[in-house]
Peer 1: 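This is the structure I have questions about; it appears just below.
Both ligands and their constituent atoms are indexed starting at 1 by order of listing. The structure presented is a predicted model; accordingly, all values stated were derived computationally and were not measured.
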Amino acid sequence: MSGLTDLMTMAKPNEALKARIIALLARGPDMCLQCGRCTSGCTAFRLLELKPHEIVCSAKMGFVEELVSSKSIWDCALCLKCAERCPQEVSPYELILSLRNEAISKGLEIPEALRDILMTLMETGLAFKPKKAVDREGKAYGREELGLPALRTGLSEQALMALMELLGGA
Ligand code: SF4
Ligand code: SF4
């Protein structure tokens with residue numbers, strides 16, 4: 001996976017791809033004023049190689065292929081703050097989701113952590129593997145030791161089929 005700033009040195013606008021990416025968005029990046037409000041409240045500010053207003057700007061300029069291939073779109077926490085803060089109702093969040101969908105439909109590499117979540121979800125029905133609680137002395141406690149009922153895990157066949165259909169694997 002390449003860094004976006006590296007890719008930008010050879011970037012060429014791709015208007016056809018831009019049109020496809022923004023087709024499902026309520027408001028496209030062309031409405032962005034570059035006010036920076038999205039970035040000023042971004043949860044993943046420190047992680048993002050390109051900040052939300054820069055991602056929107058790059059999409060507006062047609063550098064969509066570079067965004068689709070970049071790590072930046074996977075570092076977003078999908079918290080929706082940018083969508084709430086935008087005075088123009090341009091949602092960097094929705095744009096990032098659309099870019100992720102394009103990356104997946106192209107079969108591009110996705111971060112290992114997300115693949116792990118998907119596998120855990122399919123195997124157990126839980127998004128994250130259960131962890132033990134740790135006290136101040138570093139002693140770990142499982143659910144049973146804490147008097148909690150055992151977790152119900154596993155997906156029903158129907159739920160698994162629905163998940164596979166969502167993933168396009170059915
Ligand atoms: S808050 Fe909205 S208008 Fe302002 S830079 Fe972000 S996307 Fe653009
Ligand atoms: S949805 Fe992503 S880009 Fe928007 S504020 Fe949250 S972390 Fe930042």
Peer 1: Would you mind running through ligand 1 and noting each atom that sits below 4.0 Å from a heavy atom of Cys32?
Peer 2: 3 (S), 5 (S), 7 (S), 8 (Fe)
Peer 1: Is any side-chain heavy atom of Thr43 closer than 4.5 Å to a side-chain heavy atom of Lys81?
Peer 2: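 Contact flag for Thr43/Lys81 side chains = yes.
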Peer 1: Write out the residue and atom name of the closest protein heavy atom to atom 4 (Fe) of ligand 1, then the distance separating them to 0.1 Å.
Peer 2: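 It is Cys35 SG, 2.3 Å.
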Peer 1: Is there a side-chain contact between Leu48 and Cys42 in this structure, where contact means two heavy atoms from C-beta onward sitting under 4.5 Å apart?
Peer 2: yes
Peer 1: Which atoms from ligand 2 have a heavy atom of Leu78 less than 4.0 Å away?
Peer 2: 1 (S), 2 (Fe)
Peer 1: Counting from 1, what ligand 1 atoms have a heavy atom of Gln34 closer than 4.0 Å?
Peer 2: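 Going through ligand 1 atom by atom, the ones under 4.0 Å from Gln34 are 5 (S), 8 (Fe).
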Peer 1: Against heavy atoms of His53, which atoms of ligand 1 measure under 4.0 Å?
Peer 2: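 Near His53, the atoms of ligand 1 are 5 (S).
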Peer 1: Name the closest protein heavy atom to atom 6 (Fe) of ligand 2, giving the residue it belongs to and the distance to 0.1 Å.
Peer 2: Cys79 SG, 2.3 Å
Peer 1: May I ask whether Pro87 places a heavy atom under 4.0 Å from ligand 1?
Peer 2: yes
Peer 1: Heavy atom to atom 3 (S) of ligand 1, shortest distance: which of Val90, Val56, Leu33 holds it?
Peer 2: Leu33
Peer 1: Ala44 heavy atoms, cut-off 4.0 Å: which ligand 2 atoms fall inside?
Peer 2: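 Counting atoms of ligand 2 from 1, those under 4.0 Å from Ala44 are 7 (S).
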Peer 1: Could you tell me which atoms of ligand 1, counted from 1 in the order shown, lie closer than 4.0 angstrom to a heavy atom of Cys86?
Peer 2: 1 (S), 2 (Fe), 3 (S), 7 (S)
Peer 1: If the cut-off is 4.0 Å to any non-hydrogen atom of Leu80, which atoms of ligand 2 fall inside it?
Peer 2: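 Going through ligand 2 atom by atom, the ones under 4.0 Å from Leu80 are 1 (S), 6 (Fe).
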Peer 1: Ligand 2 versus Ile55, non-hydrogen atoms closer than 4.0 Å: side chain, backbone, both, neither?
Peer 2: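 For Ile55, there is no contact with ligand 2 at all, from either part.
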Peer 1: Quick check on atom 8 (Fe) of ligand 2: does Cys42 put an N/O/S atom closer than 2.8 Å to it?
Peer 2: yes
Peer 1: Looking at ligand 2, is there an atom of it that comes within less than 4.0 Å of some heavy atom belonging to Pro92?
Peer 2: no
Peer 1: Counting only heavy atoms not in Lys139 (residues, nucleotides, ligands), do more than 12 fall under 6.0 Å from its NZ?
Peer 2: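 Check fails, neighbour count at 12 or below.
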Peer 1: Heavy atoms only: which of Cys38, Cys76, Cys82, Ser72 lies closest to atom 5 (S) of ligand 2?
Peer 2: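 Nearest option to atom 5 (S) of ligand 2, by heavy atoms: Cys82.
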Peer 1: To which protein heavy atom is atom 7 (S) of ligand 2 closest, and what is the distance rounded to 0.1 Å?
Peer 2: Ala77 N, 3.3 Å
Peer 1: Under 4.5 Å between side-chain heavy atoms, counting indirect links through other Ile/Leu/Val/Met/Phe/Trp/Tyr residues: same cluster for Leu25 and Val56 or not?
Peer 2: yes
